[in-house]
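The structure under discussion appears below in the form of structure tokens.
The basis for the numbers below is simple: all heavy atoms, side chains too, and nothing from hydrogens, waters or symmetry mates. Letters go in sequence order (proteins before strands), and every chain restarts at 1.
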Amino acid sequence: MTGNTSTQRMPSYLEYQGKYTGIRAWILSTDHKRIALLYLYSQLFFFLAGLVMGLFMKLELIAPGRQIMGPATYNALFTVHGLTMIFLFIIPGLAASFGNFMIPIMIGAKDVAFPKLNLFSWYLFVFGAVIVLLGIFTGDGPPDTGWTFYAPYSLKTNTNVVLTVFGAFVLGFSSILTGLNFIVTIHRMRAPGMGFFRMPLFIWSLYGTAWIQLLATPVVGITFLMVVADRVLHIGFFDPAQGGDPVLYQHLFWIYSHPAVYIMILPAMGAITEIITTFSHRTVFGYKAIAMSSLAIAFVGYLVWGHHMFTSGMSETARLVFSFLTFLVAIPSAIKVFNWTATMYKGSISLEPPFWWAMAFIFIFMIGGLTGLVLGSVSTDVHVHDTMFVVAHFHYIVFGGAGIAFFAALHYWYPKMFGKMYNKKVANRALLLLFIGFNVLYMPMFFLGFMGMPRRYYDYLPQFANLNLLSTIGSWILATALIIIIVNLLRAKKGTPEEMDDPWGGRTLEWKIQSPPSLENFEEIPVIDHEPYELIEK
Amino acid sequence: MKKPISWFTLPFVLIVLLFSTTNSMAGNAKDLEVGITEHLDQYIPSGIMLTDHNGKLVDLKQIITKPTVLCFVYYRCPGICSPLMNGLAEVMTSSGLALGKEYQAITISFDSRESTDLAAKKRNTYLKKIKGQDGAGWTFLTGDSVNIAKATQALGFGFKFVNNEFMHEGSLIMISPEGKITRYLKGISYQPFEFKLAVYEAAKGKSSPTMIKVLQFCYSYDRKSERYSLDITRLTATITLIFALSLLTYLLLRGRRKNSNSVNQ
Ligand code: HEM
Ligand SMILES: [Cu+2]
């Protein structure tokens with residue numbers, strides 16, 4: 001009906017010979033799948049770089065006192081670690097790599113709407129990253145302001161903050177263009193019969209994300225530019241000595257940071273939905289509820305954003321509204337968790353590695369969410385703010401949420417993307433090790449936070465020693481697991497077409513074409529005549 | 001595919017441009033006009049003469065004999081100075097350190113018009129908040145404008161008088177018994193363990209730059225300028241919104257593209 005049978009296999013997008021050869025066949029290719037891999041490799045590279053910095057920080061914290069670095073180095077390290085992880089790994093996130101690969105395929109198209117713009121976005125991403133890196137390695141030293149660049153601190157530090165902030169601006173621009181491309185693609189490129197409510201839920205989540213990117217990123221971009229202008233031209237937007245408002249920057253950044261959380265987490269949830277549906281061998285429970293909750297998250301986030309932008313702003317009620325929003329957004333998230341559970345319930349679950357990754361995601365993400373409620377509502381006499389509690393919380397949310405989902409998606413779509421299957425047993429064991437490492441690393445930080453250990457400091461009092469030692473050991477377990485995971489993926493073995501085309505029994509379009517897909521994905525554009533996730537006899 | 005190459009050079013040009021500007025700015029080590037410039041590892045000079053709450057003239061350097069937590073406020077401040085003093089009083093009790101034994105505290109008014117009387121009165125208020133601690137370890141100082149300028153400059157505390165109020169940042173400054181500046185704790189509320197560690201470090205004369213957590217300012221900013229930057233933001237937001245809405249309308253009207261296009265390379 002829709003796919004190719006193995007008799008008419010085309011050269012895959014990996015083998016395809018175009019005008020160019022060698023590396024140029026990649027960095028000049030406008031094929032969405034090759035661009036997706038460019039993103040995938042760059043993101044993994046930055047993730048590993050961030051990981052190494054994290055390991056050094058944990059090594060410094062292994063015991064009280066100075067171990068391997070002083071306070072200035074530590075400040076620079078967590079700033080650069082935060083920058084790398086957030087701007088170069090998590091914000092492009094699943095959208096840039098897996099979104100790019102899967103959107104056209106899952107909606108039955110041959111490519112995105114603007115393939116050249118797509119490649120240009122990747123170049124912008126790389127240039128942004130290069131500028132950020134230049135900012136780190138030049139000037140009086142790496143930025144030490146924390147990844148949020150809070151003005152006026154970022155206005156007065158002697159480190160090279162201008163380049164870095166400008167780099168972040170370029171990165172934002174790249175993600176706006178990607179969002180734009182995705183929106184147009186989803187509207188205009190769907191195959192005949194692929195109505196909006198026949199789209200896989202991963203696509204829905206990327207659609208919601210793309211709108212948030214388009215709406216929220218320009219404002220933080222302008223805010224970054226104002227910081228640059230303050231530094232270079234001394235205009236005084238945020239510098240009190242020049243009549244500026246030092247708190248305004250924090251306010252503007254804060255307005256952005258809320259939607260930004262959804263940019264990170266929505267595609268993650270979308271991928272988890274795909275995985276759970278596939279391995280439960282049932283159609284997803286509450287398709288429309290999940291699709292709509294993606295839009296609802298985008299919309300609610302946007303409403304509050306707009307409210308702050310256009311009402312008198314700057315008030316103290318802002319805080320209240322924001323915490324209320326946190327609860328509001330908890331509702332669509334809860335809907336998803338409920339629907340996942342309902343999908344698994346009575347499903348005949350096959351316990352393959354991607355499924356376990358999805359379970360790890362749900363578990364860790366829920367801990368992150370619940371501790372977030374603690375943060376939002378703890379009475380003032382328990383000072384967990386600016387303690388290790390906060391650090392633990394956002395690693396559970398960001399690494400445990402978006403980061404784990406990234407690897408879940410990688411294990412799920414790996415056979416499709418490369419036509420190879422990794423060793424499943426090793427994958428499962430490595431995941432277990434990662435899960436243990438993750439919790440040994442971050443769980444103690446909750447307790448340390450409750451006990452009052454401040455964050456962003458290279459040293460601590462002796463009473464925090466044991467838990468910190470434990471946490472550092474956790475970081476080693478985690479790193480070991482990650483190495484095994486990556487090596488296992490690299491050593492994946494080619495399988496027969498029958499094994500690789502649809503190894504999981506998936507029901508979305510990508511599983512109906514060959515693995516790895518041909519250049520054009522579909523030799524003939526499919527016509528969709530069934531509901532999403534419907535079981536089809538093969 | 002020659003076109004993209006010219007696009008791709010654009011960022012390079014920008015990088016080079018930015019480079020030239022940032023490099024010319026580097027080494028600009030001037031102190032901030034308003035806000036804290038960390039003077040870590042510098043020593044407080046002697047000869048800064050201030051008046052304590054008993055009306056006695058003292059040399060700041062000489063009364064620093066223990067690890068010292070110092071803060072600049074002005075007693076009539078309508079802004080963050082009282083919250084800062086409350087935060088300090090709170091952490092003095094919760095840190096478990098003995099005031100007067102393990103460390104001492106010094107509060108200096110940077111408004112030269114404020115009197116010894118007012119300092120003594122304020123002192124009484126705050127001593128009530130640290131029950132069980134030895135109040136003798138907390139000195140409240142005032143001074144004339146020359147000596148205040150000497151003190152604030154030595155400690156990197158920039159402030160400015162505007163519209164009958166002072167613009168300034170809130171921070172505790174840790175000083176070693178030898179008068180060396182070891183750490184700045186910014187903001188107006190402090191973690192007990194952070195405070196304790198900072199006192200221990202001051203005792204050893206070990207200095208460390210701070211990562212700022214909260215910026216707290218007393219400022220009466222220029223409303224016009226705030227509106228200016230907000231306007232820029234709003235303009236951006238409006239343009240974005242108009243663009244997004246037209247895009248959506250266009251997409252809804254146009255519907256799907258005819259799917260016959262094929263991919264190039
Ligand atoms: C996807 C993964 C990760 C993300 C998105 C992430 C993100 C961040 C961010 C945004 C910060 C805050 C920086 C700041 O305060 O400005 C941070 C701090 C930190 N991260 Fe990560 N991180 C990740 C993984 C890791 C890993 C694997 C480790 C350890 C091996 C680690 C260890 C740390 C440590 C020790 C801090 C500093 C805590 C402090 O002293 O305040 N992170 N991370
Ligand atoms: Cu004040």
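Atom OG1 of residue B:T236 and atom CE of residue A:M226 lie 7.0 Å apart, to the nearest 0.5 angstrom. Here the NE2-OH distance, from A:H187 to B:Y250, works out to 12.0 Å after rounding to the nearest 0.5 Å. A distance of 7.0 Å separates CG of A:L215 from OG1 of B:T240, quoted to the nearest 0.5 Å. Expressed to the nearest 0.5 Å, how far CG of B:L197 lies from OH of A:Y457 amounts to 5.5 Å. The OH atom of A:Y460 sits 15.5 Å away from the NZ atom of B:K196 when rounded to the nearest 0.5 Å.
Of the atoms belonging to A:L214, heavy atoms from both backbone and side chain fall under 4.5 Å from chain B. The part of B:Y200 that comes within reach of chain A is its side chain, from C-beta onward, which places non-hydrogen atoms under 4.5 angstrom from that chain. Heavy-atom distances place no part of B:I239 under 4.5 Å from chain A, backbone and side chain included.
Taking the side chain as every heavy atom from C-beta outward, A:L180 and B:F243 approach each other to under 4.5 Å. Looking at B:L247 and A:V184, their side chains come closer than 4.5 Å, going by heavy atoms from C-beta outward.
When the side-chain hydrogen bond (donor to acceptor under 3.5 Å, both in side chains) test is applied to A:T223, no partner is found at least two apart in sequence or on another chain. In terms of the ring-ring contact (aromatic ring centres under 6.0 Å, His included) criterion, residue partners of A:F464 (sequence neighbours excluded) are, by chain and number, B:F193.
Here A:M451 is the residue among A:R34, A:M451, A:M453 with the most heavy-atom pairs under 4.5 Å with chain B.
In plain terms, the two heavy atoms of A:P454 and B:E194 that are nearest each other are CG-CB, 3.7 Å.
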